[in-house]
2 protein chains.
Amino acid sequence: MSTSATPRERLLDAAGELFYRDGVNIGVDALCKAAGVSKKSMYQLFRSKDELIAESLASRGPAYQTLLQPGAEDDRSPRERILTVFERQDELVASGNYLGCPYVGTAVELKNPEHPGSVVARHFKQQLTDFFHRELVKAGAEDPSTVAIQLTMIFDGASARAVVRAQPLGGIGAATASALMNAAGVHAGEFALS
Amino acid sequence: MSTSATPRERLLDAAGELFYRDGVNIGVDALCKAAGVSKKSMYQLFRSKDELIAESLASRGPAYQTLLQPGAEDDRSPRERILTVFERQDELVASGNYLGCPYVGTAVELKNPEHPGSVVARHFKQQLTDFFHRELVKAGAEDPSTVAIQLTMIFDGASARAVVRAQPLGGIGAATASALMNAAGVHAGEFALS
DNA sequence: GAAAACGGAAACCGATCGGTTTACTGTGTG
DNA sequence: CACACAGTAAACCGATCGGTTTCCGTTTTC
């Protein structure tokens, strides 16, 4: 399984998994061993462990985004597309071994907002907010900027709940997002100017 | 300042601060040095570092609760009492050096829901939800159990936002809680049966 | 086929990890 | 006075930390 990809890919994959599962304090030795890569190679591919943290987070961004957000070919209503994010989060939690949003979790562990990993986390969260914002504009929401932020907060709040409770969410995220969108004038099946 | 309290109190104080500021991976040596307590004393006061993590979290619970929740003497409406929590969170973030809810943060770092520290975190979060629930019942909310959970999620979502953005929240938590309570039939100045 | 680059295994560095132990200094208490 | 107790300082333990270096085999490149 491992020797097929390049050392860089193997490292990014192993780092993404182990930093998430064990936290950013896992040792470089364990990381390299899991990736089947020597420390020498690692340190000539990445300047430091901190850079590897940031790069592994960034490299998993697109896949994580695809996992949560419906694609452009999904032509359901903006409201349903937004709720899809929360339903997929629900499934992710229910599938077990969910340890919270990797980006928020890493930012929490790093403590330092200027750490390159924290910068990546900030960027990813903004992308999620941007997705919500696009859909809310399509739905003709009154204040899409505020509601997009609120939906992101609900997403992270549901994530926090899943972590501290270590139990399935039971649809509470989608229910909350739904209630909030109702309050913001985004109703079922509604499109702007239609 | 430090030698006045007992070694146990000094340790719990230093642990509460350093585990929050630097994460639970801070070393026992640094902890004892900050507390002015020898490692020998520490290890005969606490079975292990893990136990110290849990005990320090638990010992700060009441103060943190008092910091966020209005006291019983505050006779404003349940809705206003609930919003007070989010306003105080806002102030906490604005005052700087906010690194997220200590309980959620520790649970995230520990990764293990059976860790004694995670158990304390779960208990504290339940207490916050219980506070919301009591106020919602007083206000005659339709589904107080669900809304109490949703408010807790908004609290933790706002906390996550503060961490990843490293900026003031600007009242977004209270605004979201407000919108959600409106949707749940909890309006300004409203008391049940009055 | 020679040379250069790639990359893994492992030793090595000083520092720190969680935890134990020894030695010593107070501070009462009989 | 003697004794026990509480507590600090510091050495000590094996393991691991992030990071560097040496060695050597394999692959690519001309």
Side-chain angles (χ1 to χ4, degrees), chain A residues 1-57 59 106 109-112 114-120, chain B residues 1-57 59 106 109-112 114-120:
Chain A
M1 56 127 213
S2 43
T3 39
S4 56
T6 70
R8 183 163 217 276
E9 291 167 336
R10 278 179 282 152
L11 261 176
L12 288 174
D13 281 359
E17 185 183 334
L18 292 184
F19 283 144
Y20 181 61
R21 202 191 63 190
D22 299 331
V24 295
N25 284 288
I26 186 168
V28 177
D29 290 289
L31 224 46
C32 289
K33 188 176 177 182
V37 170
S38 70
K39 289 174 73 176
K40 178 192 175 187
S41 298
M42 191 209 113
Y43 275 102
Q44 66 193 28
L45 287 167
F46 302 94
R47 252 170 282 172
S48 64
K49 182 192 178 186
D50 288 333
E51 186 174 296
L52 176 56
I53 291 173
E55 296 260 21
S56 71
L57 271 188
S59 76
T106 302
E109 290 183 34
L110 291 176
K111 310 286 182 190
N112 173 14
E114 297 171 24
H115 188 291
S118 302
V119 176
V120 174
Chain B
M1 63 129 222
S2 44
T3 41
S4 57
T6 70
R8 182 164 219 275
E9 292 168 335
R10 277 179 283 151
L11 260 176
L12 288 174
D13 282 358
E17 184 183 334
L18 292 185
F19 283 144
Y20 180 62
R21 202 191 62 191
D22 299 331
V24 295
N25 284 288
I26 185 169
V28 177
D29 289 290
L31 223 47
C32 290
K33 187 176 177 183
V37 171
S38 70
K39 287 175 74 175
K40 180 190 175 188
S41 297
M42 191 210 114
Y43 275 102
Q44 66 193 26
L45 287 168
F46 302 94
R47 254 170 278 171
S48 64
K49 181 191 177 185
D50 288 333
E51 187 174 296
L52 176 56
I53 291 172
E55 297 258 24
S56 71
L57 271 188
S59 76
T106 303
E109 290 183 35
L110 292 175
K111 311 284 182 192
N112 172 15
E114 297 170 25
H115 188 290
S118 302
V119 176
V120 174

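The chains referred to below are lettered A, B, ... by the order of the sequence lines, with proteins before strands, and numbering in each begins at 1.
- Each of D:dG18, C:dG7, D:dG7 was ranked by its minimum atom distance to the side chain of A:V28; first place goes to D:dG18.
- Under the 3.5 Å distance criterion, the side-chain polar atoms of B:K33 are left unmatched by any main-chain donor or acceptor of B:V28.
- Computed from coordinates, the B:N25 CG to C:dC17 P distance equals 10 Å when rounded to whole Å.
- Residues A:I53 and A:V120 are not in side-chain contact: their nearest non-hydrogen atoms beyond the backbone lie 4.5 Å or more apart.
- Using a 4.0 Å heavy-atom cutoff across all strands shown, B:K49 reaches sugar-phosphate atoms only and no base atom.
- With B:S59 contributing its side chain and B:L12 its backbone, the two residues share no donor-acceptor pair below 3.5 Å.
- Atom CE in B:M42 sits roughly 12 Å away from atom C1' in C:dC17 (whole-Å rounding).
- The interatomic distance linking B:F19 (CZ) with C:dG18 (C1') rounds to 11 Å, in whole Å.
- Taking atom CD1 of B:I53 as the reference point, atom C1' of C:dC17 lies 13 Å away to the nearest angstrom.
- At least one side-chain nitrogen or oxygen of B:R10 sits closer than 4.0 Å to the OP1 or OP2 atom of D:dT8.
- One can place CG of B:D22 at 16 Å from C1' of D:dC17, the figure rounded to the nearest angstrom.
- Atoms CD (B:Q44) and C1' (C:dT22) sit 14 Å apart, rounded to a whole Å.
- B:L31 places its CG atom 14 Å from the C1' atom of C:dG19, with the value rounded to the nearest Å.
- Among A:K49, A:R47, A:R8, the single residue meeting the salt bridge (charged side-chain N to carboxylate O under 4.0 Å, His left out) criterion with A:E55 is A:R8.
- The phosphate of C:dG19 has OP1 or OP2 within less than 4.0 Å of a side-chain N or O from B:Y43.
- Taking 4.0 angstrom as the limit, B:R8 places none of its side-chain polar atoms (N or O) nearer than this to OP1 or OP2 of D:dA6.
- Backbone-only contact: B:I26 has heavy atoms under 4.0 Å from sugar-phosphate atoms and none from a base.
- Rounded to whole Å, atom P of C:dC17 lies 9 Å from atom NZ of B:K39.
- Closest-nucleotide positions on DNA chain C for A:D29 and A:S38 were compared, and the one nearer the 5' end corresponds to A:S38.
- When all heavy atoms of A:N112 and A:S118 are compared, the pair lying nearest together is O-OG, 2.7 Å.
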